[in-house]
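Structure first, commentary second.
Only this structure's heavy atoms are used, side chains among them; waters, hydrogens and symmetry mates stay out.
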Amino acid sequence: MGNALPSQPLTLDGLRLQPNQVEYKTKEDFTILNVDKPNPLVCFVSPNAGAGLGKYLVSHLKTILTPIQVFDLSVTVPKAALHHFIDQKTGELIPMQVLIAGGDGTVGWVMAELVKLTSTVPSVVVLPLGTGNDLARTLGWGGGFDNLARIREFLFDILQAKLIHLDRWLITLSGSESSSSREVYMNNYFSLGVDASICLEYHLSREDTSKYNSRTCNKCTYAQIGAQRVFQKDAPSITQLVEYIQVDGERIEIQPQWKGIIISNLPSYSSGVDLWGTRGLESEGLVHQDISDGKLEVMAIQGPLHLAILRTSTTHAIRLAQGKTVTISLSQDCDVQVDGEPWNQTSPCIIKLQHFMRWPMLKKYNTKNISRCLC
């Protein structure tokens with residue numbers, strides 16, 4: 001892994017477990033030995049993602065790598081899979097890399113499980129099988145993987161990927177009763193108001209899975225829901241939903257025309273939209289987004305039509321602030337979403353976003369003209 005061009009052809013042996021790295025007790029019970037710096041690629045695949053492409057990806061990866069380092073998430077959860085990879089002496093995970101194949105929600109879930117098992121988290125690469133795939137887009141892996149014939153090429157790109165870090169955020173939602181409080185972890189973004197309402201309606205409509213058999217179909221349905229909102233009755237103002245918003249302790253003056261608040265960690269939102277933008281930042285005393293600077297970008301939108309215009313990349317959202325902590329006091333029940341996972345949040349509620357950790361991620365490097373051994 002790195003940016004220097006190799007003098008010898010690349011092979012996939014660096015991602016495979018070797019026979020001397022596996023100790024079998026039975027066919028189903030084995031331990032990975034921490035010898036010769038194994039650093040294998042352990043794969044977690046959501047089988048239904050990518051319009052069912054995931055289930056075929058599982059078998060392809062097992063053939064190219066080894067069966068014991070590829071896991072179908074509908075069969076084996078991360079905790080059950082990774083107990084084979086615990087170093088018996090230290091109690092920590094052995095050195096490894098983790099591939100997560102699925103949507104942004106799947107990526108966040110697997111990362112949340114990983115951090116429960118080890119104090120030193122492995123580097124993660126995202127194979128995009130979801131609809132939005134905003135984290136994968138940010139890291140250079142594209143907006144969607146849909147060609148199994150390219151899986152070897154994808155694995156070779158991992159060998160030359162660049163190690164960077166991603167800020168991961170803790171969102172605490174504190175209700176009036178302890179039973180209504182919860183903690184959620186965020187990689188991408190948080191929103192409340194009209195955008196989250198569209199996301200929730202789309203999420204609920206997906207219960208009829210026959211309508212969602214392709215990424216294109218999913219995006220069209222999402223766009224249709226957004227278009228319908230433009231012609232429906234006006235969405236509630238943020239002034240009706242929120243008592244106050246604080247960024248690093250300073251309150252933001254809420255405007256009645258705002259219909260949604262979006263707090264972002266990435267320069268990619270809802271399938272690649274750059275809400276923060278780059279033009280005019282200096283004149284506003286702001287800086288470019290950086291996924292590892294320990295800061296969040298806080299923005300407002302004026303409704304579904306504004307969201308549609310933002311998708312044209314001709315303008316940017318209403319930029320409010322950048323900061324390390326964001327606190328929102330919710331005064332009315334409101335739809336919210338984190339990384340594309342929506343729900344209706346009851347009020348009163350204090351929502352606090354604060355930095356949790358920096359996670360090592362693999363970013364695609366331009367690997368053209370690199371010699372590869374197809375084995």
Side-chain angles (χ1 to χ4, degrees), residues 169-176 180-182 184 186 188-201 226 229-230 232-267 269-270 273-277 279-281 283-287 289 294-311 315-340 342-355:
W169 300 84
L170 170 64
I171 303 178
T172 306
L173 303 103
S174 303
S176 56
S180 61
S181 299
R182 63 186 295 190
V184 183
M186 181 189 94
N188 302 7
Y189 35 68
F190 165 89
S191 74
L192 63 84
V194 64
D195 167 71
S197 294
I198 294 171
C199 184
L200 180 59
E201 184 176 343
R229 291 298 182 99
V230 172
Q232 291 175 353
K233 68 177 183 178
D234 211 13
S237 167
I238 292 300
T239 57
Q240 300 172 261
L241 304 175
V242 171
E243 181 182 354
Y244 65 80
I245 302 171
Q246 285 184 178
V247 181
D248 290 346
E250 294 188 13
R251 290 203 178 190
I252 291 174
E253 186 177 347
I254 302 173
Q255 302 299 318
Q257 65 268 32
W258 297 350
K259 303 301 174 66
I261 296 294
I262 298 174
I263 302 170
S264 181
N265 186 44
L266 305 181
Y269 185 84
S270 188
V273 180
D274 183 1
L275 295 179
W276 188 249
R279 288 176 289 182
L281 287 172
S283 64
E284 298 179 36
L286 302 169
V287 299
Q289 279 189 293
K295 293 182 180 180
L296 292 166
E297 282 66 42
V298 184
M299 295 162 278
I301 54 173
Q302 295 182 333
L305 182 59
H306 188 196
L307 273 174
I309 294 171
L310 289 169
R311 288 189 173 277
T315 184
H316 55 76
I318 302 168
R319 297 186 288 227
L320 304 179
Q322 290 173 298
K324 297 180 179 180
T325 62
V326 181
T327 305
I328 300 172
S329 176
L330 203 63
S331 54
Q332 295 290 333
D333 293 1
C334 181
D335 294 334
V336 302
Q337 63 106 349
V338 175
D339 293 353
W343 71 92
N344 182 264
Q345 179 60 43
T346 56
S347 61
C349 179
I350 301 296
I351 304 171
K352 185 173 183 178
L353 293 85
Q354 57 190 328
H355 195 264

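Residues forming a side-chain hydrogen bond (donor to acceptor under 3.5 Å, both in side chains) with Thr327 (at least two apart in sequence, or on another chain): none. Residues satisfying the side-chain contact (heavy atoms from CB on, under 4.5 Å) criterion with Glu253, sequence neighbours excluded, are Gln255.
Expressed to the nearest 0.5 Å, how far CD of Gln345 lies from CZ of Arg182 amounts to 7.0 Å. One distance of note links CG of Leu192 with CG of Asn344; it measures 11.5 Å at 0.5 Å rounding. In this structure, CG on Leu266 lies 4.5 Å from CG on Asn188, to the nearest 0.5 angstrom. From Ile318, atom CD1 reaches atom CH2 of Trp258 across 6.5 Å, with rounding to the nearest 0.5 Å. In this structure, the separation between CD1 on Ile245 and CD1 on Ile263 is 7.0 Å, given to the nearest 0.5 Å. Going from atom CD1 of Ile328 over to atom NZ of Lys352 covers 13.0 Å, rounded to the nearest 0.5 Å.
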Evaluate the criterion side chain to side chain contact (heavy atoms under 4.5 Å, CB included) for residue pair Arg319 and Leu286; output intermediate values, then yes/no. CA-CA 9 Å; Arg319 297 186 288 227; Leu286 302 169; 4.0 Å; yes
Run the side chain to side chain donor-acceptor pair (under 3.5 Å) check on Asp195 and Tyr189 step by step: do they pass? CA-CA 12 Å; Asp195 167 71; Tyr189 35 68; over 6 Å; no
Using the rule given for side chain to side chain donor-acceptor pair (under 3.5 Å), can you reason through Glu243 versus Ser331, listing the C-alpha separation, both sets of side-chain angles and the distance that settles it, and then say yes or no? CA-CA 6 Å; Glu243 181 182 354; Ser331 54; over 6 Å; no
Side chain to side chain contact (heavy atoms under 4.5 Å, CB included) for Leu275 and Glu297? Distances and angles first, verdict last. CA-CA 10 Å; Leu275 295 179; Glu297 282 66 42; over 6 Å; no
Take Met299 and Tyr269 through the side chain to side chain contact (heavy atoms under 4.5 Å, CB included) test and state the conclusion after the steps. CA-CA 12 Å; Met299 295 162 278; Tyr269 185 84; over 6 Å; no
Apply side chain to side chain contact (heavy atoms under 4.5 Å, CB included) to residues Val184 and Phe190 and explain how you reach the verdict. CA-CA 10 Å; Val184 183; Phe190 165 89; over 6 Å; no
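Nearest heavy atom pair, residue Cys199 against residue Gly340, reads SG-O, 3.7 Å. In terms of heavy atoms, Gly193 sits closest to Cys334 at N-SG, 3.6 Å. Of all the heavy atoms in Gln240 and Gln332, the pair that sits closest is O-CG, 2.9 Å. In terms of heavy atoms, Cys349 sits closest to Leu173 at SG-CB, 3.9 Å. Nearest heavy-atom pair across Asp274 and Gln289 is OD1-OE1, 4.0 Å. Taking both residues in full, the closest heavy atoms of Trp169 and Lys324 are given as CZ3-O, 3.3 Å, listed atom of the first, atom of the second, then distance.
A donor and an acceptor atom, one from each side chain of Thr172 and Ser174, are nowhere located under 3.5 Å apart. Between the side chains of Ser191 and Gln337, at least one donor-acceptor pair of N or O atoms lies under 3.5 Å.
Here the side chain of Arg311 pairs a donor or acceptor atom with the backbone of Ser270 at under 3.5 angstrom.
Just one of Ile261, Asp335, Ile301, Ile238 meets the side chain to side chain contact (heavy atoms under 4.5 Å, CB included) condition when paired with Val194; it is Ile301.
In this structure, the side chains of Val242 and Leu330 come closer than 4.5 Å at one or more pairs of heavy atoms. Using a 4.5 Å heavy-atom threshold, the side chains of Val287 and Leu281 count as separate.
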